[in-house]
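Just so it is clear: chains get the letters A, B, ... in the order the sequence lines come, proteins before strands, and each one is counted from 1. Just so it is clear, the values below take in all heavy atoms, side chains as well, and ignore hydrogens, waters and symmetry mates. Fair warning: this is a prediction, and the values are worked out from it, not measured in the lab.
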Amino acid sequence: MIDEFPKTYEPKVAESKWYDIWQNNNIYKADNKSDKPSYSILMPPPNVTGILHFGHVLNHTLQDLYIRRKRMQGFEVCWFPGTDHAGIATQARVEKELQSKNISRHDLGREKFLEHVWDWKEKYGEIIIKQLKTLGISCDWSRTIFTLDDHASNAVKEVFIQLFDEGLIYKGKRIINWSPLSQTALSDEEVEFREVNEHLYTMRYRFVDNPREYLSVATVRPETIFGDVAVAVNPNDERFKHLIGLKVIVPLVNREISIIADDYADPAFGTGCVKITPAHDTNDFEVGLLHNLQMINSINPNGTLNEITGEYNGVDRFEARKSIISKLKEFDLIEKIEDYSHNVGFSQRGGEPVEPYLSDQWFVKMQPLAQKALKVVIDGEVKFHPNHWIKTYEHWMTNIRDWCISRQLWWGHRIPVYYTTEGKFVAAHDESEARTKMGLTMDHPLVQDSDVLDTWFSSWLWPLTTMRWMEDGTKDSTSDMKKFMATDLLVTAPDIIFFWVARMIIANEKFIDQVPFKNVYFTSTIRDGIGRKLSKSLGNSPDPLEIIKKYGADAVRFTMLYLSPLGQDVKMDVDVTAQDIPSMEIGRNFANKIWNAGRFLLMKKSELTTIDDNSLDILSTADKWILSRFNTTIDEIDKALNDFKVNDYSKILYDFIWRDFCDWYVEIFKIQFYDSDNDAYKSRLVNFALKIYDDILKLIHPIMPFISEEIYHLTNKVSDVVSISQLDYPIADKSMIDSDIESSISLFQKLIEEIRKLRSELNINHSVKIPLIIATQNESLLVLLNELKKVISNFARASNLDIITNYTKGENTIASVVRDIEIYLILEGNVDTAKEKERLLKEIERFERNIKGSEAKLSNSNFVDKAPPSVIAYEKEKLESMKETLIKNKTNLESLN
RNA sequence: GGGCGAGUAGCUCAGCUGGUAUAGAGCACCUGCCUUACAAGCAGGGGGUCGGGAGUUCAAACCUCUCCUCGCCUACCA
């Protein structure tokens with residue numbers, strides 16, 4: 001037995017063993033023809049370049065918790081996994097690799113380059129999946145999809161064409177966020193704003209008519225003066241009203257531009273005059289459109305100034321800024337330079353400052369699509385947890401902007417738009433369809449758009465493509481969709497609420513007129529002990545695989561949930577030098593506790609010769625108590641998980657198993673067990689405890705799958721084909737919940753704790769047993785105490801225990817009172833009277849204070865009139881009891897004199 | 001500027017549809033235990049004017065107002 005059940009739990013062995021067995025037995029495969037009610041979750045696709053971080057750990061643990069639990073509760077469960085192709089990240093990775101061999105993607109050409117990317121994907125794309133498996137998650141891997149799979153690509157193409165034909169996709173020249181490093185457009189979400197300390201330069205724009213006078217114009221980007229086409233002042237600004245329509249000269253550039261009137265100019269900011277550079281600033285672009293201004297681009301795609309800037313042609317934008325400033329100074333065109341801090345956008349990928357850039361891009365018109373997607377969230381068809389995210393969602397949806405979906409990359413879904421040499425274009429599945437649509441002959445030459453779509457343009461179809469929509473070339477519902485749409489839960493980080501969550505709702509509503517999921521759980525952001533996000537560059541992000549190796553997957557899973565309150569960030573104490581997370585001990589120690597409780601019960605079982613006896617007819621109060629606590633616990637777990645309070649769930653489990661089951665019940669069990677020499681009774685008792693223990697394993701299985709499976713097989717000796725994850729989850733039996741018994745045992749616990757405290761204060765060693773007398777006049781308490789006599793005697797380390805109705809305190813006796821119960825410890829030596837007096841006086845003082853408070857309360861007519869009767873009754877009872885206790889304590893004090 | 005959230009023990013947090021004898025837990029700390037499941041453990045202990053102030057109420061950590069501090073998201077102020 002001991003050989004089979006080692007002293008400590010070794011996660012490594014169990015983890016590799018069971019995951020393979022589960023996979024080989026295909027037990028997590030979902031059946032879309034099943035009659036069972038369905039429960040499904042879409043896994044947020046990790047990207048193929050991804051490696052496992054703690055965000056994944058938390059996110060997937062949560063999903064697995066719900067999936068495993070629902071599976072055990074009899075649902076046909078499906079967890080849809082997959083990865084996305086991560087356009088920029090993947091392409092950048094491969095380009096970097098090629099660069100080390102001095103090859104650029106242009107050297108290879110599009111086709112060859114893409115071959116390289118696919119090779120890379122084949123080689124490394126599965127890494128994240130393998131890593132996820134170490135967590136023990138139970139998704140249906142047979143359904144794994146990739147966003148560039150044929151059917152997913154079909155869906156993307158189909159959707160693009162439909163939206164194009166409906167006029168919801170259009171091509172436009174707009175200011176977009178441009179990444180000079182990757183040389184592609186970025187979405188708003190791929191731009192991170194950071195406060196930067198720069199300078200505000202006030203330049204002199206001299207009047208054409210009167211060059212001795214000038215207009216002061218402030219800017220932080222003097223290098224954009226080559227794109228200046230106007231200076232705007234506020235039409236109501238008295239200082240400048242008379243100047244509107246006059247012309248000024250752009251410094252250095254010497255171009256004549258007009259002074260125009262526009263509300264955009266804020267009289268209170270800077271000089272009140274703002275230069276308008278429509279090709280290099282979003283607001284200026286709007287002003288430019290309104291006033292029909294020229295759009296002059298002065299920057300190249302790689303972030304250098306272009307040919308129109310003359311001597312600065314080819315000079316980097318920031319270098320150019322420096323030389324332009326010194327040149328301006330030279331000509332006395334700078335009035336002043338002030339320190340200035342403001343927000344600048346940086347590319348999330350490359351980290352370089354983003355350039356607002358005027359270029360031709362494809363956009364989705366979002367406003368017509370947003371209405372319904374907002375409604376389903378407001379109406380609660382899609383619920384957010386925590387629900388305060390609704391406000392953020394609402395704000396975004398009501399101020400939604402068009403979505404720039406084109407990317408100047410090669411890796412991704414190529415835009416299905418075909419152009420004629422004459423500049424006509426149309427969206428189509430292929431060239432021949434394009435020709436038909438445009439009414440051209442079949443030999444008319446066409447060119448396909450060279451750009452690809454934003455990766456999110458495939459991710460927003462994730463609910464559809466995971467369920468294999470468009471696999472057969474039609475938009476009909478698939479078998480998966482019939483069974484599993486809408487899915488039940490989506491677990492994701494709040495920072496992609498717009499990128500992804502909102503757009504999935506939009507797409508589902510648009511294309512199949514159904515919500516994609518009913519609940520969205522927004523996970524916590526994981527931070528280190530001093531509140532910083534975990535990041536590789538800070539070195540505060542240990543490799544989860546190492547942490548799992550050290551503490552075990554179950555321990556990591558449990559600890560993550562234990563530390564994750566709904567709607568708040570998780571703080572973990574990261575040890576940067578050791579790359580360790582010491583809090584993981586919480587889960588590891590808990591796993592070990594569970595392990596050892598099982599080990600103990602099995603040891604006891606193996607000591608018995610009697611054949612199994614499962615009758616449950618002679619339950620003690622303690623047995624009934626643990627049953628009551630067990631059923632209460634199931635009930636509380638149900639509530640917590642229904643409300644998505646996962647850390648409540650883990651704390652409820654932790655407290656029940658450690659405190660109630662191990663600390664109290666197993667200890668009582670020992671006494672009941674050792675006290676009997678009736679093997680039949682012992683057998684019944686062990687089986688009773690093991691039954692609860694097995695149910696406990698089922699309760700923890702969703703969060704600790706490996707250890708629960710491992711122990712279940714040790715306690716039940718079933719074959720590997722059987723998995724605890726396919727057994728029935730315990731259901732709360734309310735008839736077993738007995739609040740009287742729970743409060744009785746709780747009083748018993750108070751009694752034991754008081755005796756232990758007295759012994760500890762008296763420095764009585766654990767091995768020393770002394771006589772104990774317990775007195776109470778409460779009849780029902782006498783019955784309870786007598787039933788628990790052996791237990792009390794043992795827990796209290798009593799050499800002899802008398803339970804009586806009255807006791808007169810003698811010599812060398814320490815006395816205390818717990819509610820209606822008097823405790824007397826008979827010492828061998830003399831009592832330290834001074835110390836004892838002090839203790840009793842403190843106790844007397846406390847009760848006098850409380851009695852005074854209680855009496856004041858009860859004599860307050862407002863309280864008696866207005867408080868609910870139950871509160872008053874309780875208060876009266878309490879007062880009586882406290883008075884009695886006070887008297888007993890006073891008597892005890894007197895006896896010391 | 002707008003929105004959201006947080007402030008309770010040295011640290012991390014529960015408790016917040018107002019009422020239960022001393023406001024809880026884990027970690028850390030102190031004391032005593034190798035008590036035959038577990039030292040990754042057992043038993044006990046110290047430590048809190050519940051961010052400040054005002055109000056509502058018989059009763060406030062919890063409700064209202066206000067102020068302070070700190071996070072996060074969001075916004076085009078050159």
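Rounded to whole Å, the C1' atom of B/A37 lies 28 Å from the corresponding atom of B/G24. Look at the C1' atom in both B/U12 and B/G32: the space between them is 28 Å, to the nearest Å. For the C1' atoms, the distance linking B/G18 with B/G26 amounts to 28 Å, nearest Å. Taking the P atom of each, B/A6 and B/C65 are spaced 15 Å apart, rounded to whole Å. With both ends at atom C1', the span from B/C50 to B/C62 equals 10 Å, rounded to whole Å. A gap of 46 Å separates the C1' atoms of B/C11 and B/A78, to the nearest Å. With P as the reference atom, B/A25 and B/C72 are 32 Å apart, rounded to whole Å. Nucleotides B/G44 and B/A60 place their P atoms 33 Å apart, quoted to the nearest Å.
Atom NE2 of A/His388 is separated from atom P of B/C4 by 10 Å (rounded to the nearest Å). Taking atom NZ of residue A/Lys670 and atom P of nucleotide B/A37, one finds them 5 Å apart after rounding to whole Å. What separates CG of A/Asn589 from P of B/A37 is a distance of 19 Å, to the nearest Å. Distance CD1 (A/Ile711) to P (B/C38): 15 Å, rounded to an integer number of Å. Remark: P of B/G2 and NZ of A/Lys391 are 15 Å apart, rounded to the nearest angstrom. In this structure, A/Arg797 atom CZ and B/C33 atom C1' are separated by 11 Å, rounded to whole Å. Nucleotide B/G15 holds its P atom 13 Å from the CD atom of A/Glu636, rounded to whole Å. Rounded to an integer number of Å, the gap from CD1 of A/Ile276 to P of B/C76 is 16 Å.
Looking at heavy-atom distances under 4.0 Å, A/Thr219 makes contact with sugar-phosphate atoms alone, never a base. Contact annotation for A/Arg756: backbone-only contact, meaning every heavy-atom pair under 4.0 Å involves sugar-phosphate atoms and none involves a base. When heavy atoms are screened at a 4.0 angstrom cut-off, A/Asn343 is found touching base atoms of the nucleic acid. Nucleic acid contact for A/Glu877: none, since no nucleic acid atom lies under 4.0 Å from a heavy atom of the residue. Counting non-hydrogen atoms under 4.0 angstrom, A/Gly272 reaches a base of the nucleic acid. Nucleic acid contact class of A/Pro386 (heavy atoms, under 4.0 Å, all strands): none. Residue A/Glu761 is classed as having no contact, given no heavy-atom separation below 4.0 Å to the nucleic acid. Across all strands shown, A/Ser881 has heavy atoms under 4.0 Å from base atoms, whether or not it also approaches the sugar-phosphate. No engagement by A/Arg849 is indicated, since no non-hydrogen atom pair under 4.0 Å with the nucleic acid exists. Nucleic acid contact class of A/Ala232 (heavy atoms, under 4.0 Å, all strands): none. The residue A/Arg846 sits close to a base: some heavy atom pair falls under 4.0 Å.
Judged by distance alone, with hydrogens and angles left aside, A/Lys757 brings no side-chain donor or acceptor close enough to the base of B/A43 to form a pair under 3.5 Å. In the interface, the side chain of A/Arg759 is not paired with the base of B/A43 through any donor and acceptor atom under 3.5 Å apart. Judged by distance alone with a 3.5 Å cut-off, no donor-acceptor contact links the side chain of A/Glu875 to the base of B/A59.
Below 30°, between 30° and 60°, or above 60°: for A/Phe748 and A/Trp664 the angle between ring planes is above 60°, a perpendicular geometry. Taking the six-membered ring where the residue is Trp, A/Phe498 and A/Trp396 present parallel rings, their angle staying beneath 30° rather than reaching 60°. Aromatic ring pairs are classed by plane angle as parallel below 30°, tilted from 30° to 60° and perpendicular above 60°; the pair A/Phe669 and A/Phe673 is parallel. The aromatic rings of A/Phe522 and A/Phe384 stand perpendicular to each other, their planes meeting at an angle above 60°, with 30° marking the opposite boundary.
Cation-pi geometry between A/Lys651 and A/Tyr562 is satisfied (NZ or CZ under 6.0 Å from the ring centre, within 45° of the ring normal). Under a cutoff of 6.0 Å and an axis angle of 45°, A/Arg174 and A/Phe285 do not form a cation-pi pair. Figure legend: cation-pi geometry between A/Lys670 and A/Phe600, with NZ or CZ positioned under 6.0 Å from the six-membered ring centre and within 45° of its axis.
In the set B/A21, B/U74, B/G26, B/A21 carries the atom at the smallest distance from any side-chain atom of A/Lys878. Of the candidate nucleotides B/A21, B/C58, B/C42, B/C58 has the atom lying nearest to any side-chain atom of A/Phe863. Counting only heavy atoms from C-beta on, A/Ala597 has its side chain closest to B/A37 among B/G19, B/A37, B/C77. Minimum atom distance to the side chain of A/Arg527 is reached by B/C72, of the listed B/A37, B/G44, B/C72. Of the candidates B/A40, B/A21, B/C58, the closest approach to any side-chain atom of A/Tyr874 belongs to B/A21. Distances from the side chain of A/Lys866 to the nucleotides B/A78, B/C58, B/C42 place B/C58 closest. The listed nucleotides are B/C42, B/C77, B/C38; the one nearest the side chain of A/Phe269 is B/C77. Looking at the side chain of A/Phe847, the nearest of the listed nucleotides B/A37, B/C73, B/A21 is B/A21. Out of B/A37, B/G19, B/A21, the shortest distance to the side chain of A/Phe600 is found at B/A37.
Comparing A/Pro868 and A/Cys662 against RNA chain B, the residue whose closest nucleotide sits nearer the 5' end is A/Pro868. In terms of position along RNA chain B, the nucleotide closest to A/Asn860 lies nearer the 5' end than the nucleotide closest to the other residue of the pair A/Gly270 and A/Asn860.
Checking the phosphate oxygens (OP1, OP2) of B/G41, no side-chain nitrogen or oxygen of A/Asn592 falls inside 4.0 Å. A sub-4.0 Å separation between OP1 or OP2 of B/A40 and a side-chain N or O of A/Arg599 is absent. In terms of phosphate contacts, A/Lys7 brings no side-chain nitrogen or oxygen within less than 4.0 Å of OP1 or OP2 of B/A37. A/Arg659 has a side-chain polar atom (N or O) that falls below the 4.0 Å cut-off from OP1 or OP2 of B/G26. A close approach under 4.0 Å does not occur between any side-chain nitrogen or oxygen of A/His766 and OP1 or OP2 of B/C42. Dashed line: the shortest gap from a side-chain N or O of A/Trp396 to OP1 or OP2 of B/C4 is not under 4.0 Å. An OP1 or OP2 oxygen of B/C42 is reached within less than 4.0 angstrom by a side-chain nitrogen or oxygen of A/Lys593.
Base-pair partner of B/G32: B/C42 (Watson-Crick or G-U wobble, both distances under 3.5 Å). Nucleotide B/G71 forms a pair with B/C4, judged by Watson-Crick or G-U wobble geometry with both contacts under 3.5 Å. Checking B/U17 for Watson-Crick or G-U wobble geometry (two distances, each under 3.5 Å) identifies no partner in any strand. Both distances falling under 3.5 Å, in either a Watson-Crick or a G-U wobble arrangement, place B/A25 opposite B/U12.
A salt bridge links A/Lys883 with A/Glu855: the closest approach of a Lys/Arg side-chain nitrogen to an acidic carboxylate oxygen falls below 4.0 angstrom.
Partners of A/Lys835 according to the salt bridge (charged side-chain N to carboxylate O under 4.0 Å, His left out) rule, which considers only residues two or more places apart in sequence or in another chain, do not exist here.
For A/Tyr393 and A/Trp389, the ring centers sit 6.0 Å or farther from each other.
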